[in-house]
Amino acid sequence: MQLCVALDLPTKEENLALVKKIKEYDVWLKVGLRSYIRDGEDFLIEIKKINPDFKIFLDLKLYDIPNTMADAAESIMSLGVDTFNVHASAGKRAMSEVMKRLSKYETRPIVLAVTALTSFSEDEFVEVYEKDIASKANQFAKDAMSSGLDGVVCSAFESASIKSVTTKEFMTLTPGIRPFGENAGDQQRVADATYAKGAMVDFIVVGRPIYQASNPAEVVEKILKEF
Ligand code: C5P
């Protein structure tokens, strides 16, 4: 299991200060919408200057018509990130188009599909998708696998079931992690690090419990020890 730290702070300077504090650790970094819209490619370059070995997950959750998604995926290729994601609900044709476009490159990032956002409660999810989270997440995962993607973003509670309907190697990346039962904030379906490990999760994403801590490095170290 790998730890992926969400860089969701209000300014680039604060995010980079956090990156410096945890630069010794074997962690991935997640650059999301807020940071990328504000700070763009320069931010990615500055992260690599702090430690070129940091792996970056660009969490932009693409959702558009197939051709536009494939165009966007190709632009992401040029950024040199290690992982990015799309919404599974964009459909199999869109996901396949993305993978087809990337197939001409010798190496490509890991591509994941978002199943159900971890902020959804069961009722809210049914309101939008007219199906329960567990079965829809399984369906999205099967769609993503048959479209050639490498894995999905889901909650830790769906990870084991998704692996059983796909393969053990099909990756799961789970936000909504409160490593030691910390405050959930707006997340609805939260699990701790031990649960995630038991559910065969490949990547846990942790944001607020790390960047809001008075000593983020200490929390990172504690989580890595837990692994
Ligand atoms: O602060 P917290 O640990 O809740 O942060 C979780 C991060 O994971 C946020 O950046 C959020 O946008 C992201 N995320 C999520 N649920 C998803 C996909 C991404 O919470 N399904």
Side-chain angles (χ1 to χ4, degrees), residues 2 4 6-8 28-45 47-48 55-120 124-125 127-131 133 135-155 158-159 162-163 165-167 169-176 201-203 205 207:
Q2 278 282 339
C4 185
L7 302 177
D8 288 335
W28 284 54
L29 300 175
K30 183 176 90 68
V31 175
L33 282 171
R34 184 190 203 179
S35 304
Y36 194 72
I37 288 172
R38 190 189 50 220
D39 306 320
E41 190 178 0
D42 281 354
F43 181 46
L44 307 179
I45 295 168
I47 290 172
K48 292 282 187 181
K55 297 256 197 297
I56 298 177
F57 165 34
L58 190 62
D59 180 22
L60 300 184
K61 303 184 184 72
L62 305 184
Y63 184 99
D64 213 308
I65 58 171
N67 185 61
T68 303
M69 281 177 62
D71 286 345
E74 210 165 355
S75 297
I76 289 174
M77 274 295 304
S78 67
L79 297 174
V81 298
D82 303 280
T83 304
F84 73 93
N85 57 358
V86 304
H87 268 284
S89 53
K92 287 200 265 189
R93 191 153 59 83
M95 289 191 279
S96 301
E97 192 82 19
V98 164
M99 300 318 287
K100 194 173 141 205
R101 191 71 73 81
L102 299 184
S103 66
K104 65 181 182 205
Y105 296 91
E106 216 165 283
T107 58
R108 60 158 180 83
I110 295 170
V111 187
L112 305 175
V114 178
T115 57
L117 296 173
T118 42
S119 55
F120 270 127
E124 287 168 336
F125 187 85
E127 224 173 87
V128 179
Y129 294 96
E130 296 180 340
K131 216 166 180 189
I133 294 176
S135 46
K136 195 73 194 174
N138 282 346
Q139 184 59 54
F140 278 148
K142 285 195 270 186
D143 292 349
M145 191 169 82
S146 67
S147 307
L149 276 76
D150 306 297
V152 290
V153 182
C154 59
S155 91
E158 287 103 49
S159 174
I162 283 173
K163 298 238 177 202
V165 298
T166 57
T167 63
E169 292 71 36
F170 192 67
M171 295 177 196
T172 56
L173 175 145
T174 66
V201 167
D202 298 279
F203 292 92
V205 174

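Fair warning: this is a prediction, and the values are worked out from it, not measured in the lab.
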Atom of [X], atom of [Y] and distance for their closest heavy-atom approach:
{"X": "Thr83", "Y": "Trp28", "answer": "OG1-CZ3, 3.0 Å"}
{"X": "Glu97", "Y": "Pro66", "answer": "CG-O, 3.7 Å"}
{"X": "Met77", "Y": "Pro109", "answer": "SD-CD, 3.3 Å"}
{"X": "Ser147", "Y": "Met95", "answer": "CB-CB, 3.6 Å"}
{"X": "Val111", "Y": "Asp150", "answer": "N-OD2, 2.7 Å"}
{"X": "Pro175", "Y": "Thr118", "answer": "O-CG2, 3.7 Å"}

Close side-chain approach of [X] and [Y], heavy atoms under 4.5 Å:
{"X": "Cys4", "Y": "Leu29", "answer": "no"}
{"X": "Asp39", "Y": "Val31", "answer": "no"}
{"X": "Leu33", "Y": "Lys61", "answer": "no"}
{"X": "Met145", "Y": "Thr167", "answer": "yes"}
{"X": "Phe84", "Y": "Leu60", "answer": "no"}

Working to the nearest 0.5 Å, report the span between [atom1] of [X] and [atom2] of [Y].
{"X": "Asp71", "Y": "Glu74", "atom1": "CG", "atom2": "CD", "answer": "7.0 Å"}
{"X": "Lys163", "Y": "Asn138", "atom1": "NZ", "atom2": "CG", "answer": "13.0 Å"}
{"X": "Cys154", "Y": "Met171", "atom1": "SG", "atom2": "CE", "answer": "13.0 Å"}
{"X": "Arg108", "Y": "Asp82", "atom1": "CZ", "atom2": "CG", "answer": "12.5 Å"}
{"X": "Phe120", "Y": "Tyr129", "atom1": "CZ", "atom2": "OH", "answer": "5.0 Å"}
{"X": "Asp8", "Y": "Asp59", "atom1": "CG", "atom2": "CG", "answer": "8.0 Å"}

Within the side chain of [X], is there an N or O that forms a donor-acceptor pair under 3.5 Å with the backbone of [Y]?
{"X": "Asn85", "Y": "Leu62", "result": "no"}
{"X": "Thr172", "Y": "Val152", "result": "no"}
{"X": "Ser35", "Y": "Gly32", "result": "no"}
{"X": "Asp64", "Y": "Met69", "result": "no"}

Neighbour count above 12 (heavy atom, 6.0 Å) for Arg93 CZ: no
Lys136 to Phe140, cation-pi by 6.0 Å centre distance and 45° axis angle: yes
